[in-house]
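Okay, structure first, notes after.
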Amino acid sequence: MSKLIGIVGETGSGKSTSIQTLNPDETYIINVAGKELPFKGSNKLYNPDKRNYMEIEDAKEVKNILERISKEKPHVKQVIIEDANYL
């Protein structure tokens, strides 16, 4: 069973920065705006080589990735759709 949680706030309020508190081994980030994550070392923690990060602009492709994560990555406990308002 999963839960959908939306975090909303003004620009610069720390929404994206709070990702640094999550375990990168249990977190997958789908970045729809292609902007760099705003905390030091983010590109070492989250990247395609570690298979916990992907940049996608298409909503249908995001749906496909979510389905694949659900089926193929049981260790992933949280999926972040970074800047979802761009979808």
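Every salt bridge (Lys or Arg N to Asp or Glu O under 4.0 Å) that Lys35 has, sequence neighbours left out, goes to Asp83. Lys50 meets the side-chain hydrogen bond (donor to acceptor under 3.5 Å, both in side chains) test with no other residue; sequence neighbours excluded. Qualifying side-chain hydrogen bond (donor to acceptor under 3.5 Å, both in side chains) partners for Glu57, counting only residues two or more places apart in sequence or in other chains: none.
Separation of atoms CZ (Phe39) and OG1 (Thr17) is listed at 8.0 Å; rounding is to 0.5 Å. A distance of 9.5 Å separates CG in Asn23 from NE2 in His75, rounded to the nearest 0.5 Å. The distance from the CD1 atom of Ile69 to the CE atom of Met54 is 8.0 Å, given to the nearest 0.5 Å. Distance check, rounded to the nearest 0.5 Å: CD of Gln20 to OG of Ser42 gives 9.0 Å.
With hydrogens and angles left out, the side-chain atoms of Glu82 and Ser16 include a donor and acceptor closer than 3.5 Å. Using modelled atom types and a 3.5 Å distance limit, the side chains of Glu26 and Tyr28 yield no donor-acceptor pair.
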As a quick check of understanding, evaluate salt bridge (charged side-chain N to carboxylate O under 4.0 Å, His left out) for Glu67 and Lys71, giving each step before the final call. CA-CA 6 Å; Glu67 289 173 350; Lys71 292 177 185 173; 5.4 Å; no
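With a 4.5 Å cut-off on side-chain heavy atoms, Leu66 and Ile30 count as touching. Ile80 is not listed as a side-chain neighbour of Asn31, based on a closest heavy-atom distance of 4.5 Å or more. Side-chain atoms of Asn43 and Leu37, non-hydrogen and from C-beta on, never get closer than 4.5 Å to each other.
Side-chain atoms of Thr27 do not come within 3.5 Å of backbone N or O of Gln78 as any donor-acceptor pair. A donor-acceptor pair is defined here as one N or O able to donate and one able to accept, closer than 3.5 Å; such a pair exists between the side chain of Lys15 and the backbone of Glu10. One N or O on the side chain of Asn52 and one on the backbone of Leu45 form a donor-acceptor pair closer than 3.5 Å.
The number of heavy-atom neighbours closer than 6.0 Å to NZ of Lys73, taken from other residues, nucleotides and ligands shown, is above 12.
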